[in-house]
Asks: 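Following this message is one structure expressed as structure tokens.
Just so you know, ligand 1 is whichever comes first in the structure, and atom 1 is the first atom listed for that ligand. Values in this document were obtained by computation on a predicted structure and should not be read as measured data.
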Amino acid sequence: MVQRTLAIVKPDAVAAGNTGNIIGLIEKNGFRILAMRMQHLKRAEAEGFYAVHKGKGFFEELIEFMTEGPVVLLALEREDAVAKWREVMGATDPAKAAEGTIRKLYGTNIGRNASHGSDSVENAATEVAWFFRGSELS
Ligand code: CMP
């Protein structure tokens, strides 16, 4: 089924100059970019986006990291997009990610892991709508 998912190039990857490499992998893997924007997230935007993780031990660290510099937000579309994007990113912890995946190539540790992807079709719809208006999706 054709699905949409939200991808984020995280601050570590943007700062390290890996945005282009990651967008290249997005295109190489057959995703259509519906919308794309660079943005330096405000604390409230990051906290709202990651609200599901509020109360977890790593929440503050996650918010600090996601607001330390600009990110690149992308709404992607493809057959089976949610699972496929998670496959291209690799495991959350770069040390456990498969060779050739984004997190293996460009991540540092479980916190600074270069990219984000929605974890379900339902969350993907919420996450895309968190950052993009319907009229921005081409
Ligand atoms: P992401 O896919 O963006 O979704 C939630 C993020 O929380 C996850 O990637 C990790 O970067 C981060 N995260 C998950 N577990 C930990 C942890 N134990 N320590 C620090 N950050 C974590």
Side-chain angles (χ1 to χ4, degrees):
M1 200 177 59
V2 174
Q3 299 169 344
R4 291 176 174 185
T5 195
L6 183 83
I8 305 179
V9 182
K10 292 188 177 184
D12 57 337
V14 173
N18 289 320
T19 304
N21 294 331
I22 293 173
I23 293 173
L25 284 168
I26 287 171
E27 294 188 324
K28 202 169 122 191
N29 281 281
F31 292 91
R32 204 158 72 79
I33 299 172
L34 301 178
M36 177 167 71
R37 177 171 80 246
M38 182 176 263
Q39 186 169 326
H40 193 150
L41 299 180
K42 305 262 194 304
R43 171 162 282 267
E45 290 166 333
E47 286 182 350
F49 179 73
Y50 280 121
V52 62
H53 296 299
K54 200 159 188 166
K56 294 187 184 160
F58 60 82
F59 185 72
E60 186 53 34
E61 180 188 331
L62 175 61
I63 301 306
E64 285 284 326
F65 167 55
M66 290 300 290
T67 57
E68 75 178 30
V71 299
V72 176
L73 307 162
L74 301 106
L76 306 179
E77 187 172 78
R78 204 206 104 122
E79 184 78 18
D80 206 17
V82 172
K84 184 67 188 176
W85 176 236
R86 293 175 71 76
E87 185 187 314
V88 173
M89 285 195 300
T92 306
D93 182 351
K96 296 178 183 154
E99 289 299 327
T101 61
I102 289 169
R103 283 159 166 170
K104 180 74 173 184
L105 286 166
Y106 308 121
T108 305
N109 56 46
I110 195 164
R112 306 178 72 84
N113 63 354
S115 61
H116 167 83
S118 310
D119 65 359
S120 68
V121 175
E122 194 184 18
N123 286 343
T126 308
E127 291 189 357
V128 169
W130 182 261
F131 287 120
F132 295 105
R133 289 190 298 275
S135 60
E136 294 176 290
L137 305 171
S138 50

Asks: Please output the side-chain donor-acceptor pairs of residues 5-17 that fall under 3.5 Å, not counting sequence neighbours, one pair per line with the distance.
Replies:
residue: T5; atom: OG1; partner: S118; partner atom: OG; Å: 3.4
residue: K10; atom: NZ; partner: N113; partner atom: OD1; Å: 2.7
residue: D12; atom: OD1; partner: A114; partner atom: N; Å: 3.4
residue: D12; atom: OD2; partner: A114; partner atom: N; Å: 3.1

Asks: Tell me the residues surrounding ligand 1, counting only those with a heavy atom closer than 4.0 angstrom, sorted by chain and number.
Replies: K10, Y50, H53, F58, E61, L62, T92, R103, I110, G111, N113, H116
Asks: Among all residues two or more places apart in sequence or in another chain, which pass the side chain to side chain contact (heavy atoms under 4.5 Å, CB included) test with V52?
Replies: none
Asks: Quick one: does NZ or CZ of R37 land under 6.0 Å from the six-membered ring centre of F131, within 45 degrees of the ring axis?
Replies: no
Asks: Within a 6.0 Å radius of atom NZ on K54, are there more than 12 heavy atoms belonging to other residues, nucleotides or ligands?
Replies: no
Asks: In terms of relative ring orientation, are H116 and F49 parallel, tilted or perpendicular, with 30° and 60° separating the classes?
Replies: perpendicular
Asks: Return the set of residues passing side chain to side chain contact (heavy atoms under 4.5 Å, CB included) with E47 (not counting sequence neighbours), or none when no residue passes.
Replies: R43, F59, I63
